[in-house]
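One structure is given below, encoded as structure tokens.
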Amino acid sequence: MVDVVEGCRLPVLRKNQENEDEWPLAEILSVKEIPGRKLYYVHYIDFNKRLDEWVTPDRLDMKKLQFPKKEAKTPTKNGLPGSRPSSPESEVRKSLDLNLQTATAPSRGKTLPTPKRKAESVSLATQVSPATPVPCLPGSIEASQASVYPAVRDTNTFNLKSNARDDHEQLTSLTTNGTARRPMPNQPGRKRKQPPNCGGTDEIIKVFQYNNSPRCANVYLQPGEDSQDSSDGIPSTPRMTGSLVSDRSHDDIVTRMKNIDCIELGRHRLKPWYFSPYPQELTTLPILYLCEFCLKYLKSLKCLQRHLTKCNLRHPPGNEIYRKGTISFFEIDGRKNKTYSQNLCLLAKCFLDHKTLYYDTDPFLFYVMTEYDSKGFHIVGYFSKEKESTEDYNVACILTLPPYQRRGYGKLLIEFSYELSKVEGKTGTPEKPLSDLGLLSYRSYWSQTILEILMDLKPDNGERPQITINDISEITSVKKEDVISTLQYLNLINYYKGQYILTLSEDIVEGHERAMQKRHLRIDSKCLHFTPKDWSKRGKW
């Protein structure tokens, strides 16, 4: 029998969401022997890492086995021989670079040098997933092009959303910090009058007329300085480094594999999705036990029962700053409650792949959401934020524990983070990159919040209501870049007769009303008792 080793690729049997058999291609990350048989730890190619698992030999399709390629020696920058195994990511990058050179080559036969970039330091999954669409508003040309969902220009329509998937798949270059960017070649044909950094006027009028049904609501965006980000400018790319962003260049075989099989937290048993650096001696246990109030980890049920007789906590340490019904929020200082904060980070790392773990929790505040019953305050989720953020981040990490997901708690955490920003008198944005689930939650929250404001606008003396990007940002505390990217994601923003127009179609309105009917959990600002601190005036946190 052929020996399957680490690095081999072959189809592996798994069940999909419809409980049907499928054979996706997978990579063998590790092999271990237990009495009587072998087990293989596999990563399904193009699937999220949380689906990685140990499988038995009978689930492997040995007929299509692909052995790992031999390492080819390549010269390094210093001219010394080095070695690096080839990978699918490097193949993709090479093809993207070739496409970039072809697309950007000048028409008169001249060639331009391609700038060097540190491609290996960022994983491909990180590069394309977290990028935030950047608007087509007055600003730099570079800003208008740095979007995962770029404006599609053709002779018939100017639609910002319909062909987003095609554009996403046809990215022709990747920048160093992970944002996808597509060069915009000049379109052949006659010249048309262009609005600032946007598509042709004729194309936009068609979309405007198509959407201008009797039940549509048109909202004018006032042109001028208020609709621009003139103070700090719209960044051409979102920042990919931050206080808790993991450095993917140091991924190794250990951190790519889940090391905890199961966690018991109160009445729930959780299956971790990702690696978390719990002590090595605990990773061999079938179940890791956690005290649900202080989050201390213990190796056995007996140890947990003995701990509970001594643990006096029935809620997270820190100040309770919000309570409505059974929902409470506690503010925890990472310096004053270091042990709890570190234990919270260890638990959260089991379900967050894009963030790293810092044992130095001093610069952070943690806001833990709990649900109350007769036994105490049970943790539902949390978010952390820097005490001082130079990038206007109001969230560093955010997590709803799996037993509470898909019940509205994620949006409640996001809404609470913006409620704190309103009290602080600031606009905020989450730290990038967001996970796939985090991006979905934020995009849904931004859409509902902005549509709620637009639908409440009243006509002024028979004229269509007017609002600026700054107005929306100040009302919601959502950063201007996120407001604009959401408007583009919803395909609301158009350019008509020298000004920007937002067109709300029937489908958008009806979809928003259905979504708001399902959203029962909301933050009541009257129940918030929070006084922001000026951390810049403190010598130490």
Side-chain angles (χ1 to χ4, degrees), residues 1-74 82-98 119-129 165 168-171 174 246 248-262 271-276 283-284 286 350-351 353-354 435-437:
M1 183 178 176
V2 180
D3 191 20
V4 179
V5 296
E6 295 173 2
C8 287
R9 294 189 174 194
L10 73 173
V12 177
L13 176 64
R14 70 178 296 273
K15 298 285 186 182
N16 61 17
Q17 291 181 337
E18 287 76 29
N19 205 30
E20 299 171 346
D21 290 348
E22 62 179 8
W23 293 85
L25 185 66
E27 180 183 355
I28 306 295
L29 297 185
S30 183
V31 183
K32 72 177 180 181
E33 291 193 32
I34 59 175
R37 60 176 178 170
K38 278 187 176 181
L39 290 178
Y40 301 91
Y41 191 86
V42 300
H43 165 65
Y44 299 103
I45 308 300
D46 296 329
F47 284 70
N48 193 288
K49 278 170 57 178
R50 60 173 165 264
L51 299 177
D52 296 0
E53 58 181 338
W54 290 99
V55 300
T56 51
D58 58 308
R59 292 174 57 183
L60 307 180
D61 186 356
M62 302 296 295
K63 296 178 183 178
K64 299 180 180 179
L65 179 64
Q66 305 172 17
F67 285 98
K69 296 179 180 179
K70 292 182 179 180
E71 297 183 357
K73 291 187 177 181
T74 56
S83 63
R84 184 169 64 88
S86 62
S87 64
E89 289 83 356
S90 62
E91 298 295 332
V92 172
R93 289 192 185 99
K94 288 177 184 177
S95 64
L96 290 174
D97 288 338
L98 291 174
E120 288 78 1
S121 65
V122 184
S123 71
L124 193 63
T126 309
Q127 286 170 330
V128 296
S129 58
R165 179 170 295 181
H168 185 76
E169 293 171 353
Q170 296 173 3
L171 297 175
L174 298 171
S246 63
R248 312 309 296 272
S249 63
H250 299 300
D251 274 0
D252 54 30
I253 198 65
V254 175
T255 58
R256 287 181 68 188
M257 295 171 52
K258 304 171 195 174
N259 58 336
I260 304 293
D261 289 331
C262 182
K271 294 285 288 183
W273 296 349
Y274 307 110
F275 170 89
S276 183
T283 60
T284 57
C350 291
F351 306 100
D353 185 35
H354 288 288
S435 65
D436 51 354
L437 298 179

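For reference, positions follow the sequence shown, starting with 1.
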Handout entry: Check against side-chain contact (heavy atoms from CB on, under 4.5 Å), Leu39 and Val55
Key = CA-CA 6 Å; Leu39 290 178; Val55 300; over 6 Å; no
Practice task
Count the heavy atoms of every other residue, nucleotide or ligand shown that sit under 6.0 Å from CD of Gln17, and state whether that count exceeds 12.
Solution key: no
Completion exercise
To the nearest 0.5 Å, atom CZ of Phe351 lies from atom CG of Leu437 at 12.0 Å
Exercise for the section: Look only at the side chain of Lys32 and the backbone of Tyr41, and say whether a donor-acceptor pair between them is shorter than 3.5 Å. Expected result: no
Exercise for the section: Take Tyr44 and Val12 through the test side-chain contact (heavy atoms from CB on, under 4.5 Å) and record every step on the way to the result. Expected result: CA-CA 8 Å; Tyr44 299 103; Val12 177; 3.9 Å; yes
Problem - Nearest non-hydrogen partners of Lys38 and Pro57, listed with the distance - result: O-CD, 3.2 Å
Fill in the blank from the handout: Tightest non-hydrogen contact, residues Lys271 and Asp261, listed as NZ-O, 3.3 Å
Handout entry: Nearest-0.5 Å distance that lies between atom CG in Asp52 and atom CZ in Arg256
Key = 8.0 Å
Exercise for the section: In sequence, state the C-alpha distance, the side-chain angles, and the governing distance for Asp21 and Lys15, and then conclude on side-chain contact (heavy atoms from CB on, under 4.5 Å). Expected result: CA-CA 5 Å; Asp21 290 348; Lys15 298 285 186 182; 2.7 Å; yes
Handout entry: Gap separating the CD atom of Glu22 from the CG atom of Asn16, nearest 0.5 angstrom
Key = 4.5 Å
Completion exercise
In terms of heavy-atom contacts, Glu6 and Val31 come closest through OE2-N, 4.1 Å
Handout entry: Distance, nearest 0.5 Å, that separates CD of Glu27 from SG of Cys8
Key = 9.5 Å
Completion exercise
Separation between CG (Asn259) and CZ (Phe275), nearest 0.5 Å, reads 5.0 Å
Exercise for the section: Let me know which of Leu65, Val42, Ile45, Ile28 forms a side-chain contact (heavy atoms from CB on, under 4.5 Å) with Arg9. Expected result: Ile45
Problem - Straight-line distance of Glu53 CD to Arg59 CZ, nearest 0.5 Å - result: 4.5 Å
Handout entry: Flag if over 12 foreign heavy atoms under 6.0 Å of NZ, Lys63
Key = no
Handout entry: NZ/NE/NH1/NH2 to OD/OE distance under 4.0 Å, Asp58 and Arg37
Key = no
Handout entry: Option passing salt bridge (charged side-chain N to carboxylate O under 4.0 Å, His left out) with Asp353 (candidates Lys49, Arg50, Lys258)
Key = Lys49
